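Counting starts at 1 for both ligands and their atoms, following the listed order. Since the structure is predicted, the reported quantities are computational estimates derived from the model, not experimental observations. For this chain, numbers begin at 1 and follow the sequence in order.
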Amino acid sequence: MQKYINPPKSDWSTLLKRPATDVSGLYDTVKKVLDEVKLEGDQAVARYSEKFDGYTGNEFQIPSETIARAESQLSDGLKAAIRTAAANIEKFHISQWQPMTRVETQPGVICWQKSVPIEKVGLYIPGGTAPLFSTVLMLGIPARIAGCKEVILCTPPDKNGAVHPAILFAAHMAGIKKIYKIGGIQAIGAMAHGTETVPSVYKIFGPGNRFVTAAKQLVSINETTIDMPAGPSEVLIMADESANPAFVAADLLSQAEHGADSQVILLTTSPDLLDATLAEVDKQVKVLPRVAGALGALEDSRAFLLTSMDEMMEMSNRYAPEHLILAVKDATSVAERVVNAGSVFIGHYTPESAGDYASGTNHTLPTNGHARTYSGVNLDSYIRKITFQKITEEGLRDLGPVIETMAEAELLQAHKNAVTLRLNSLKSFAINQ
Ligand SMILES: NC(=O)c1ccc[n+]([C@@H]2O[C@H](COP(=O)([O-])OP(=O)(O)OC[C@H]3O[C@@H](n4cnc5c(N)ncnc54)[C@H](O)[C@@H]3O)[C@@H](O)[C@H]2O)c1
Ligand SMILES: N[C@H](CO)Cc1c[nH]c[nH+]1
Ligand SMILES: [Zn+2]
């Protein structure tokens, strides 16, 4: 981790650069696979599953008996943990449901908004370097709460065609029945275009590596909607002298271990905390099983000594981290000042891992500065809001002239006519009475 002592603000933009995450260089390769999947369906899926995942079979849908058997392949401890996490995720996402609102904007003009689930959604669960069964809960539970009719899931198989039983168990808990062992570009292509085996969907959710991200970007141009740009994981920690260096180091490493393209940032006002945390990072990283990936991430990571809480907040809001940990005194009131972040972890006993697994919030979050404009996955991600209006005759008598005036000023005569004809018919009806 590079250390910077009170860098001038003019240097901040350069110092806060993310590692290169532009995937447009992969578009040619990715487009070829997508086009072939569109044209040839399962046959192309099979070819690329063999090439990229070493799976030579041509069975892609996981049978219901295999899904049911997954439960017996997991320890009771893991199943209990998954059930607790699922219950918290469910509780938090149910609380996001908004009741229908009906408003009479003026007499006889009634407007309302109704939440309607997206009918068909596809979930991509990464499986290249770790079986992310927690992501199944994060994407599958809100889809079920929203009421999406068709929820399908794709995840890469190993070369024997197997998928980790925890992924199958978590999918079963989320009520997902259609699970396909297909990974990478071929999975995104199959969900976007449909094949003989995989139905096409209207929206694709889920994180993934560079190839998955590029494929999602390409299919989102014409074919399918996607959730958001969710790239390599990142965390920014604000810590003062009240923080525990071992906790802070563990939190930094929790996101660094996702892979070499992740980035972690420490901001502090305490020189002692800075040195002690960097020493702890060196100590803790050595014994991690994923040490190579974590060290790769640390190469592009930074630690800043700043002069005040205000400066830390300004820098954090500029960076717009996916995850923000506030390991500072009075963290609850500091949290009020956060403007740009995906998810915020308040106080010394709120590790980021809690949000990754089990507190109830969603871990599919915008990375690479997209937290400035995107929300993380939430119930609304699976819903469209359809607006309705109903106008009575009296309502149109009052509102009609307003519409006519505006339409005329926009030079749109047919818009005006749609009102004028009705007002005239109401007038002649009144005369004939
Ligand atoms: N932001 C978030 O919310 C979030 C959450 C979880 C994970 N992540 C990120 O997701 C990523 C997961 O990546 P992963 O690799 O472990 O799993 P993955 O499932 O995304 O990728 C594996 C697939 O990539 C394809 N592939 C591999 N090499 C290829 C090549 N040379 N050409 C074409 N295709 C190829 C294979 O088909 C394979 O199935 C990590 O970067 C992690 O940080 C992000
Ligand atoms: N931190 C990741 C999102 O950036 C999510 C995750 C899954 N498992 C562990 N962590
Ligand atoms: Zn994580």
Side-chain angles (χ1 to χ4, degrees), residues 19 21 23 25-34 37 45-55 82 85 123-139 153-159 163-164 166-167 170 180-190 205-216 227-235 250-264 290 293-294 296-297 321-325 342-343 345 351-359 361-368 370-371 374-377 381:
T21 49
V23 292
L26 298 175
Y27 281 175
D28 286 348
T29 322
V30 171
K31 190 170 179 314
K32 181 175 182 300
V33 180
L34 291 174
V37 170
V45 169
R47 195 162 58 246
Y48 286 109
S49 293
E50 178 167 1
K51 179 166 179 183
F52 296 133
D53 292 320
Y55 171 55
I82 292 175
L123 316 181
Y124 184 80
I125 304 303
T129 64
L132 293 183
F133 59 83
S134 54
T135 306
V136 180
L137 302 178
M138 298 294 173
L139 298 180
L153 185 156
C154 284
T155 191
D158 68 14
K159 60 181 188 319
V163 163
H164 198 287
I167 290 186
Y180 304 94
K181 45 185 177 185
I182 307 176
I185 312 164
Q186 54 278 19
I188 303 302
F205 292 77
N209 64 12
R210 297 175 313 130
F211 300 99
V212 171
T213 305
K216 278 176 67 187
D227 48 357
M228 78 181 89
S233 306
E234 51 190 48
V235 64
D251 289 338
L252 290 168
L253 289 171
S254 75
Q255 294 313 286
E257 81 169 343
H258 274 292
D261 47 5
S262 284
Q263 187 179 56
V264 301
R290 291 165 68 100
E322 179 193 18
H323 306 105
L324 167 61
I325 300 180
S343 195
F345 300 78
E352 189 277 341
S353 312
D356 274 354
Y357 293 107
S359 61
T361 61
N362 208 291
H363 79 203
T364 312
L365 296 164
T367 56
N368 201 22
H370 290 294
Y374 278 87
S375 315
V377 164
S381 316

Are any of the heavy atoms in L132 under 4.0 Å away from ligand 2?
yes
Could you list the atoms of ligand 1 found under 4.0 angstrom from a heavy atom of L365?
1 (N), 3 (O)
Quick one: nearest non-hydrogen protein atom to atom 4 (O) of ligand 2, plus distance?
E322 OE2, 2.7 Å
With respect to atom 36 (C) of ligand 1, which of V212, N368, D53, D158 exhibits the smallest heavy-atom separation?
D53
When you measure from the side chain of Q186 to the backbone N and O of V33, does any donor-acceptor pair fall under 3.5 Å?
no
Atoms in ligand 1 with a heavy atom of L132 nearer than 4.0 Å:
6 (C), 7 (C)
Atom NZ in K181, atom CD1 in I167: separation rounded to 0.5 Å?
13.0 Å
Looking at ligand 1, would Y48 count as a contact under a 4.0 Å heavy-atom criterion?
no
Between N368 and H370 (side chain of the first, backbone of the second, donor and acceptor by atom type, cut-off under 3.5 Å), is there such a pair?
no
Given 3.5 Å as the limit, does a donor-acceptor pair link the side chain of Y124 with the main chain of G184, or not?
yes
Which distance, rounded to the nearest 0.5 Å, do you find between the OH of Y27 and the CG of L34?
11.0 Å
Protein heavy-atom partner closest to atom 8 (N) of ligand 2 - residue, atom, separation in Å:
S134 OG, 3.4 Å
Close approach of K51 to ligand 1, heavy atoms, under 4.0 angstrom
no
Can you list the atoms of ligand 1 that are under 4.0 Å from a heavy atom of E322?
1 (N), 2 (C), 3 (O)
With a heavy-atom distance limit of 4.0 Å, tell me whether H258 approaches ligand 2 through its side chain, its backbone, both, or neither.
side chain
For M138, state whether at least one heavy atom is located under 4.0 Å from any atom of ligand 2.
no
Y124 to ligand 1: N or O pair under 3.5 Å?
yes
Atoms of ligand 1, numbered as shown, that sit under 4.0 Å from any heavy atom of T367:
1 (N)
Option whose closest heavy atom lies nearest to atom 41 (O) of ligand 1, chosen from P207, G208, P157, P126
G208
Ligand 1 atoms nearer than 4.0 angstrom to some heavy atom of H363 are 3 (O)
Quick check: does H258 put an N/O/S atom under 2.8 Å from the Zn ion (ligand 3)?
yes
Provide, to 0.1 Å, the distance between atom 10 (N) of ligand 2 and the closest protein heavy atom, together with that atom's residue and name.
D356 OD2, 2.9 Å
Please write down residue, atom name and distance for the protein heavy atom closest to atom 9 (C) of ligand 2.
Y357 OH, 3.4 Å
Out of V33, V377, N209, D356, who gets a non-hydrogen atom closest to atom 27 (C) of ligand 1?
N209
Can you check which of P156, G231, A214, G376 brings a heavy atom nearest to atom 9 (C) of ligand 1?
G231
Looking at side-chain heavy atoms only, is the closest gap between S254 and V235 below 4.5 Å?
no
Ignoring hydrogens and geometry, is there a side-chain-to-backbone donor-acceptor pair from R290 to H258 under 3.5 Å?
yes
By number and element, which atoms of ligand 1 are closer than 4.0 Å to a non-hydrogen atom of G183?
37 (O), 39 (O)
Is ligand 1 less than 4.0 angstrom away from at least one heavy atom of R210?
no
dist E234:CD -> L365:CG (nearest 0.5 Å) comes out at 9.5 Å
Quick check for you: to the nearest 0.5 Å, what is the distance between D356 atom CG and L132 atom CG?
9.5 Å
Restricting to N, O or S atoms, which atom of D356 is closest to the Zn ion (ligand 3)?
OD2
Looking at residues at least two apart in the chain, or sitting in another chain, which of them share a ring pair (Phe, Tyr, Trp, His ring centres under 6.0 Å) with F52?
Y48
Heavy-atom donor-acceptor pair, T155 side chain to I125 backbone, under 3.5 Å:
yes
Quick check on the Zn ion (ligand 3): does E257 put an N/O/S atom closer than 2.8 Å to it?
no
Atom of H323, atom of Q255 and distance for their closest heavy-atom approach
CE1-OE1, 3.5 Å
Under 3.5 Å: donor-acceptor pair, side chain of N362, backbone of M138:
yes
Tell me whether K216 contacts the main-chain N or O of D227 through its side chain, where contact means a donor paired with an acceptor under 3.5 Å.
no
Mind checking whether T364 and F205 have side chains closer than 4.5 Å, heavy atoms only?
no
Per-atom contacts of ligand 1 with Q186, taking only distances under 4.0 Å to non-hydrogen atoms
37 (O)
Could you list which atoms of ligand 1 come closer than 4.0 Å to a heavy atom of G127?
17 (O), 18 (P), 19 (O)
Within-shell test, S233 vs ligand 1, heavy atom, strictly < 4.0 Å
yes
Any non-hydrogen side-chain atom of S233 less than 4.5 Å from a side-chain atom of E322?
yes
Purely on distance, is any nitrogen or oxygen of Q255 under 3.5 Å from one on ligand 2?
yes
